[in-house]
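Accompanying notes for the structure given below.
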Amino acid sequence: MRKKNKRQIFENVTVVDAGAKGKTIGKAPDGRVIFLTNTVPGDVVDVQTTKKRKAYFEGTAIKFHTLSDKRTKPECQHFGVCGGCKWQDMGYEHQLFYKQKEVENNLIRIGHLELPAVTPILGSKKQYFYRNKMEFSFSDSRWLTYEEINSKDEIADRNALGFHIPGMWDKILDIKKCHLQADPSNAIRLAIKDFANKHDLPFFNPRNQEGLLRTLMIRTSSNGEIMVLVQFFDDNKQQRTLLMDFIKETFPEITSLLYVINQKQNDTIYDQKIECYAGRDHIFEEMEGLKFKINAKSFYQTNSEQAYELYKITRDFAGLTGDELVYDLYTGTGTIAQFVAKKAKKVVGIEAVPVAIEDAKANAKLNNIDNVAFFAGDMKNIFNAGFIATNGKPDVIITDPPRDGMHKDVVQQILNIAPKKVVYVSCNSATQARDLELMKDQYKITKLQPVDMFPQTHHVENVVLLEKRA
């Protein structure tokens with residue numbers, strides 16, 4: 001039998017750093033690292049360990065002796081329970097410092113890379129209410145606070161519309177006000193919950209797989225358009241119509257009112273039929289005169305204003321003159337491809353998700369861009385010598401892979417092609433560093449720009465320009 005971890009208490013631990021995945025770092029008396037979840041660098045705390053490993057501990061601060069001068073008061077009443085904004089108690093300038101430090105450390109320690117002077121991280125003008133997409137879950141057995149659990153009062157209202165408690169798939173925290181998406185997001189969510197309660201519309205029970213109301217998605221665009229999608233479990237037309245009519249009448253500003261009936265065991269809607277109840281089945285986002293049609297299943301960067309800054313940096317790093325053939329790997333719905341197209345001879349976009357490529361083609365047509373071509377397929381399979389022979393050898397490659405980074409075969413194909421420049425956009429500098437190490441003999445890093453897309457969290461984007469060695 002596996003031995004249970006024996007919890008230990010370490011006193012007067014100084015928190016010295018912030019590390020990967022938003023955890024902070026202290027040192028145990030024996031020199032081992034302690035990863036903490038509820039502290040800020042500069043705090044002095046007593047720690048109770050929760051896990052013990054050969055090289056490190058994980059733990060929680062149970063007593064604070066000294067509070068860090070890097071601390072700030074969290075804006076949200078749900079901070080500390082909701083896992084969405086784990087760095088709200090750290091001043092924004094300090095968040096930026098630790099994000100940039102993580103990028104540099106990953107590239108040096110994991111990739112063993114030589115770095116040019118790093119341009120200071122680009123912070124977000126909006127530090128709250130910056131997301132254009134939020135997804136909330138309904139539950140008939142909401143997460144209870146310690147006060148409620150210890151109270152002798154009977155708890156009548158167990159319905160919730162909010163977020164999953166971290167690590168608990170069936171527990172939902174009821175959200176009173178979320179600071180991530182601008183109004184009318186909070187007003188829509190609260191009105192729907194209140195109406196559902198008053199009319200006894202059943203909230204979903206994930207354990208028993210029963211109930212009417214399952215999830216709520218709200219998308220907004222920078223030009224004021226709003227999409228609302230309600231996901232139902234039970235197919236009850238009378239109750240569904242009652243709620244949808246209420247939303248339509250109460251919030252006439254909604255551009256796209258949708259619903260889906262999903263009776264699978266998971267909440268994903270990508271294999272489900274979306275029904276348009278009122279308005280259009282899509283909204284539009286705009287950027288530098290370009291329009292992007294966004295439907296319920298579309299991927300689009302969730303911080304629109306900062307995405308614009310990210311794309312400008314990417315285009316600037318590419319240094320296009322109008323004569324280049326550009327490949328945009330992991331193109332998604334083709335936003336970067338279309339954004340750089342006016343400065344390129346031609347852009348070829350590749351993406352694994354066929355629906356995304358359909359969106360990319362539709363958006364290119366909408367924007368009257370005729371020097372782009374989009375192809376769907378698994379990157380490591382489609383991006384081969386035959387594809388290059390057919391579509392031409394690129395002068396510049398832009399790559400923006402998912403968090404796992406690029407497959408080693410894709411990296412090798414880039415090296416085989418040997419374009420003059422590679423612009424690597426990443427949401428995970430650790431996997432970016434791994435990939436760049438494979439390329440360092442042929443390419444040198446000449447520019448580096450971290451970008452903060454998600455204030456109050458540890459996530460950070462990074463843009464690297466690689467130029468072929470002489």
- Task: Check the surroundings of atom NZ in K86: do more than 12 heavy atoms from other residues, nucleotides or ligands lie under 6.0 Å from it?
- Result: no
- Task: State the CG-NZ distance between L115 and K447, to the nearest 0.5 angstrom.
- Result: 15.5 Å
- Would you mind reporting whether S221 and I294 have side-chain heavy atoms less than 4.5 Å apart? no
- Query: Mind checking whether Q8 and K52 have side chains closer than 4.5 Å, heavy atoms only?
  - Reply: yes
- Query: More than 12 heavy atoms of other residues, nucleotides or ligands under 6.0 Å from NZ of K264: is that the case?
  - Reply: yes
- Query: Is a salt bridge present between K23 and E58, judged by a nitrogen-to-oxygen distance below 4.0 Å?
  - Reply: yes
- Can any side-chain N or O of K133 pair as donor or acceptor with the backbone N or O of F299 at less than 3.5 Å? no
- Item | Where C85 and F79 come nearest, the two heavy atoms and their spacing | O-CE1, 3.2 Å
- Scanning both residues in full, the closest heavy-atom pair of I417 with P394 reads CG2-CD, 3.6 Å
- Message: Main chain of H112, side chain of K440: is a donor-acceptor contact present, judged purely on distance under 3.5 Å?
- Response: yes
- Going through the distances and angles, do Y130 and Q306 end up as a side-chain contact (heavy atoms from CB on, under 4.5 Å)? CA-CA 9 Å; Y130 57 81; Q306 200 69 341; over 6 Å; no
- Item | Check against side-chain contact (heavy atoms from CB on, under 4.5 Å), F138 and F233 | CA-CA 11 Å; F138 292 89; F233 182 76; over 6 Å; no
- Message: Set out, in order, the CA-CA distance, both residues' side-chain angles and the distance that settles side-chain hydrogen bond (donor to acceptor under 3.5 Å, both in side chains) for S298 and D359, then state yes or no.
- Response: CA-CA 8 Å; S298 294; D359 286 345; 2.9 Å; yes
- Short question: side chain of T24, backbone of P41 - any donor-acceptor pair under 3.5 Å? no
- Query: Does CZ in R109 sit with more than 12 non-hydrogen atoms of other residues, nucleotides or ligands closer than 6.0 Å?
  - Reply: no
- Spatial distance of atom NZ (K468) from atom NZ (K420) [nearest 0.5 Å]: 12.0 Å
- I would like to know whether F136 and I172 meet side-chain contact (heavy atoms from CB on, under 4.5 Å); could you show each step before the answer? CA-CA 9 Å; F136 307 97; I172 304 298; over 6 Å; no
- Return the minimal non-hydrogen interatomic distance between V45 and V47, and the atom names on each side. CG2-CG2, 3.7 Å
- Item | Working for salt bridge (charged side-chain N to carboxylate O under 4.0 Å, His left out), residues D43 and R71 | CA-CA 9 Å; D43 286 341; R71 280 186 168 272; 2.8 Å; yes
- Query: Tell me, do N303 and S124 make a side-chain contact under 4.5 Å, heavy atoms counted?
  - Reply: yes
- Indicate yes or no: at least one non-hydrogen side-chain atom of Q449 is less than 4.5 angstrom from one of V103. no
- Does E461 reach the main-chain N or O of V425 with its side chain, forming a donor-acceptor pair under 3.5 Å? no
- Message: Looking at every non-hydrogen atom in both residues, tell me the closest pair between L190 and I175 and how far apart they are.
- Response: CD2-O, 3.9 Å
- With under 30° as parallel and over 60° as perpendicular, where do the rings of F35 and Y56 fit, or are they tilted in between? perpendicular
- Query: So, do P74 and D89 sit near enough that their side-chain heavy atoms are less than 4.5 Å apart?
  - Reply: yes
- Message: Below 30° counts as parallel, above 60° as perpendicular, anything between as tilted: where do the rings of H459 and F454 land?
- Response: perpendicular
- Note on the structure: Looking only at heavy atoms, the pair that brings N208 and N205 closest together is N-OD1, 2.9 Å
- Distance from Q412 atom CD to K380 atom NZ, nearest 0.5 Å? 15.5 Å
- Item | salt bridge (charged side-chain N to carboxylate O under 4.0 Å, His left out) between D174 and R142, worked out | CA-CA 7 Å; D174 191 49; R142 67 177 173 85; 5.6 Å; no
- Rounded to the nearest 0.5 Å, what separation is found between the CG atom of L466 and the OH atom of Y443? 8.0 Å
- Would the number of heavy atoms belonging to other residues, nucleotides or ligands and lying under 6.0 Å from CD of E253 be above 12? yes
- Message: Donor-acceptor check, side chain of H78 to backbone of C178, threshold 3.5 angstrom: yes or no?
- Response: no
- Reported CG-to-CG distance for the pair D234 and L212, which is rounded to 0.5 angstrom: 6.0 Å
- Hey, do the aromatic rings of F10 and F57 have their centres closer than 6.0 Å? yes
- Query: Do the side chain of H407 and the main chain of D409 share a donor and acceptor less than 3.5 angstrom apart?
  - Reply: yes
- Query: Is the count of non-hydrogen atoms from other residues, nucleotides or ligands lying under 6.0 Å from K312 atom NZ greater than 12?
  - Reply: yes
- Message: Taking the basic N atoms (NZ, or NE/NH1/NH2) and the acidic carboxylate oxygens, is any pair closer than 4.0 Å for D194 and K198?
- Response: yes
- Do T215 and D267 have side-chain atoms, one donor and one acceptor, less than 3.5 Å apart? no
- Query: Is there side-chain contact between K421 and L465, with heavy atoms separated by less than 4.5 Å?
  - Reply: yes
- Query: Considering the options L415, L113, I445, which one meets the side chain to side chain contact (heavy atoms under 4.5 Å, CB included) requirement together with M439?
  - Reply: L415
- Item | Check: Y311/T335 side-chain N/O donor and acceptor closer than 3.5 Å | yes
- Exactly one of E75, Q88, Q95, Q127 clears side chain to side chain donor-acceptor pair (under 3.5 Å) with Q456, and that residue is Q95
- Can you name the closest pair of heavy atoms from R158 and L144 and give their distance? NE-CD2, 3.6 Å
- Query: Does the D435 side chain pair with the main chain of M406, one donor and one acceptor, at a distance under 3.5 Å?
  - Reply: yes
- Indicate yes or no: at least one non-hydrogen side-chain atom of E437 is less than 4.5 angstrom from one of I110. no
- Message: I'd like to know if the side chain of S68 reaches the main chain of K70, judged simply by a donor and an acceptor atom lying under 3.5 Å from each other, with no hydrogens or angles considered.
- Response: yes
- Looking just at side-chain N and O atoms, do S304 and N132 make a donor-acceptor pair shorter than 3.5 Å? yes
- Answer yes or no: does atom NZ of K444 have more than 12 heavy-atom neighbours from other residues, nucleotides or ligands under 6.0 Å? no
- Message: In terms of relative ring orientation, are Y259 and F232 parallel, tilted or perpendicular, with 30° and 60° separating the classes?
- Response: perpendicular
- Would you sort out whether E104 and K101 count as a salt bridge (charged side-chain N to carboxylate O under 4.0 Å, His left out), showing the intermediate values? CA-CA 5 Å; E104 294 181 33; K101 184 178 179 182; over 6 Å; no
- Please tell me if the side chains of V396 and V340 come closer than 4.5 Å, counting only heavy atoms from C-beta onward. no
- Item | Greater than 12 external heavy atoms within 6.0 Å of E114's CD | no
- Exam field: side chain E210 to backbone P202, donor-acceptor pair closer than 3.5 Å: no
- Message: Under a plain distance cut-off of 3.5 Å, with no hydrogens placed, do Q301 and Y308 share a side-chain donor-acceptor pair?
- Response: no
- Query: Does Q181 use its side chain to pair, donor to acceptor, with the backbone of F129 at less than 3.5 Å?
  - Reply: no
- Query: How long is the span from the CZ atom in R32 to the NZ atom in K27, to the nearest 0.5 Å?
  - Reply: 12.5 Å
- Item | Salt-bridge contact K126-E305 (side-chain N to carboxylate O under 4.0 Å) | yes
